[in-house]
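In what follows, every chain begins at residue 1, and chains take the letters A, B, ... in the order their sequences are listed.
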Number of protein chains: 2
Amino acid sequence: MGVLPDDLACFAVHVAARELDNAYRPALRELGLTYPQYMTMLVLWDRDPQTVKELGAALRFDSGTLSPLLKRLEAAGFVTRERSTTDERSVLVRLTTRGRKLEERGKDLVAKVFSTFHYSDRDAEHLHEEMRKLVAALDEHAAEFGRGARG
Amino acid sequence: MGVLPDDLACFAVHVAARELDNAYRPALRELGLTYPQYMTMLVLWDRDPQTVKELGAALRFDSGTLSPLLKRLEAAGFVTRERSTTDERSVLVRLTTRGRKLEERGKDLVAKVFSTFHYSDRDAEHLHEEMRKLVAALDEHAAEFGRGARG
DNA sequence: CACATTTTAGTTGTGTACAACTAAGTTGCT
DNA sequence: AGCAACTTAGTTGTACACAACTAAAATGTG
């Protein structure tokens, strides 16, 4: 009769995101990281240091999410935070030796976890393409109707 | 050089879920609901009353998520909660008149929001199919490696 | 230079999510 | 009947995620 969550694509996206989180959790637990923290470390392993703003752009997190997350990474000893000397509004996030060393164990974790559920590279790429299409549509929607709207 | 979040399908799923949330937020705000609360109301509009366990199965929420959510729906005057008389472990969640009346305004909200970003019915069905495939793989993975593992 | 505007991080408050646990009720087995 | 095992909700603690706000520093304009 009525529409149920299971009938909705948007609900399925939410379920998939949560279950992906759950699938990664055991492996990440051994690194002492959550999934968003792991994504943050990936960005820093690629380039170090980076400002909070740059990290936020790469992760699509605002400061309300990123600031406390970085404080936890700092408390865990993976990063340091220091005001930029050239622009004192910015904060530079920098890997510690411990944080840099974690890359060895964290590097191929995604591929390892993804391979445990039966998802080939082709499947993953197909999934990725579908997500890119959805996110592009949502970004366009946000630009039109979102907070930055022009009327 | 390194792998970045944008290279990962799993990250794209998370981004999509969050941006879907943001896309629904303005419309849901007018109903006084969050997205998970709206999903809960959909389940109740379809069948009323239902136990917390049944709602949890339909929404894939555990009691730690659902109990406080239902308390907020109760505080907002959309549902009542009462112990089942036949099995006093169970709690029956029942729509109030106000909760039932909300269906008129909430019924076609999904279709309305989805149509504002350029997603045809065919696009949505394609997306849904891709998500079903991923969730099925994750469910299988959870059954094998998750908490209920048999070894 | 003076000062409004913008940029950058952080804080507070609300609401998911999940792990680990508790309390109470029911069922199954002998 | 008696009691262990299980089921059902709820609670506590941690961690995202976003809105709304604040504080401080930089930028732009007359």
Side-chain angles (χ1 to χ4, degrees), chain A residues 5 11 14-26 28-29 32-40 50-57 59-76 79 81-93 142 146-148, chain B residues 5 11 14-26 28-29 32-40 50-57 59-76 79 81-93 142 146-148:
Chain A
F11 180 72
H14 280 89
V15 171
R18 286 195 274 126
E19 295 208 11
L20 274 170
D21 230 13
N22 294 338
Y24 278 98
R25 202 183 312 279
L28 287 173
R29 193 190 186 84
L33 295 173
T34 64
Y35 184 82
Q37 288 168 9
Y38 176 60
M39 290 297 111
T40 306
Q50 288 191 61
T51 65
V52 173
K53 177 187 167 64
E54 288 167 334
L55 290 173
L59 296 161
R60 292 177 177 251
F61 289 155
D62 70 357
S63 69
T65 299
L66 204 43
S67 287
L69 186 154
L70 291 170
K71 276 173 78 169
R72 283 186 285 272
L73 284 181
E74 187 179 39
V79 306
R81 293 184 301 154
E82 48 178 329
R83 287 275 159 194
S84 164
T85 51
T86 60
D87 184 342
E88 292 199 14
R89 289 171 304 183
S90 296
V91 167
L92 279 169
V93 180
R147 286 183 302 173
Chain B
F11 180 71
H14 280 89
V15 171
R18 286 195 274 125
E19 296 208 11
L20 274 170
D21 231 13
N22 295 339
Y24 278 97
R25 202 184 313 279
L28 286 173
R29 193 189 186 83
L33 296 172
T34 64
Y35 184 81
Q37 288 168 8
Y38 176 60
M39 291 296 110
T40 306
Q50 288 191 59
T51 66
V52 173
K53 177 187 168 64
E54 288 166 334
L55 291 173
L59 297 161
R60 292 177 176 250
F61 290 154
D62 71 357
S63 69
T65 299
L66 204 42
S67 286
L69 187 155
L70 290 171
K71 276 173 79 169
R72 284 187 283 271
L73 284 181
E74 188 178 37
V79 306
R81 294 184 301 154
E82 47 178 329
R83 288 273 159 196
S84 165
T85 51
T86 60
D87 184 343
E88 293 199 12
R89 290 171 302 184
S90 297
V91 167
L92 280 170
V93 181
R147 286 183 302 173

To the nearest Å, give me how far apart CE (A:M39) and P (D:dA15) are.
18 Å

Got a sec, which residues hit salt bridge (Lys or Arg N to Asp or Glu O under 4.0 Å) with B:R18, two or more places apart in sequence or on another chain?
none

So do the side chains of B:P5 and A:L59 get within less than 4.5 Å of each other, counting heavy atoms only?
yes

Side-chain touch A:V93/A:T40, heavy atoms, less than 4.5 angstrom
no

Output the single nucleotide from C:dA9, C:dT16, D:dA17 whose closest atom is nearest the side chain of B:L69.
C:dT16

Let's see if you can work this out: which of C:dG15, D:dA26, D:dA19 has an atom nearest to the side-chain heavy atoms of B:T34?
C:dG15

Is A:L73 close to A:L33 at the side-chain level, that is, under 4.5 Å between some pair of heavy atoms?
yes

Any side-chain N or O of B:R83 under 4.0 Å from OP1/OP2 of C:dG25?
no

Tell me which nucleotide among D:dA15, D:dA19, C:dC18 gets nearest to the side chain of A:Q37.
D:dA15

A:F61 side chain: which of D:dA17, C:dG15, C:dT11 is closest?
D:dA17

May I have the distance from A:Y24 (atom OH) to C:dA19 (atom P), rounded to whole angstrom?
17 Å

A:L55 CG to C:dG10 P: how many Å, rounded?
11 Å

Go through C:dA17, C:dG10, D:dT8 for me and flag the one nearest to the B:S90 side chain.
D:dT8

If I take atom CG from residue B:L92 and atom CG from residue B:D87, how far apart are they, to the nearest 0.5 angstrom?
9.5 Å

Would you say a side-chain N or O of B:T51 is under 4.0 Å from OP1 or OP2 of D:dA9?
yes

d(CG, A:L70; C1', C:dA9) in whole Å
10 Å

Nearest-Å distance for atom pair CZ/P, residues A:F11 and C:dT16:
14 Å

Out of C:dT26, C:dT16, D:dG10, which has the shortest distance to the side chain of B:E88?
C:dT26

For the pair B:H14 and A:Y35, name the ring-plane relationship: parallel under 30°, tilted 30 to 60°, perpendicular over 60°.
parallel

Winner on side-chain proximity to A:T65, out of C:dA9, C:dA17, D:dC16, is D:dC16

With the side chain defined as heavy atoms from C-beta on, B:V52 is closest, among C:dG10, D:dA15, D:dA9, to D:dA9

Nearest whole Å is fine: how far is D:dA25 C1' from A:D87 CG?
7 Å

Please work out if A:R25 contacts a base, only the sugar-phosphate, or nothing of the nucleic acid, heavy-atom cut-off 4.0 Å.
sugar-phosphate

Which residue lies more 5' along DNA chain C, comparing B:R72 with A:S67 via nearest heavy atoms:
A:S67

Let me know the distance between CG of A:L59 and P of D:dC16, rounded to the nearest Å.
11 Å

For D:dA15, take OP1 and OP2 only and decide whether either is under 4.0 Å from a side-chain N or O of A:K71.
no

What contact category does B:D21 fall into here, base, sugar-phosphate, or nothing, at under 4.0 angstrom with non-hydrogen atoms?
nothing

Does OP1 or OP2 of D:dC18 have a side-chain N or O of B:R18 closer than 4.0 Å?
yes

Ranking C:dT8, D:dA9, C:dG10 by distance to the side chain of B:S63, first place goes to D:dA9

Could you please name the option among D:dC16, C:dT16, C:dT6 that lies closest to any side-chain atom of A:R89?
C:dT6

Rounding to an integer number of Å, can you tell me how far B:L66 CG sits from D:dA9 P?
9 Å

Reading DNA chain D from 5' onward, which residue's closest nucleotide shows up sooner: A:G64 or B:G64?
B:G64

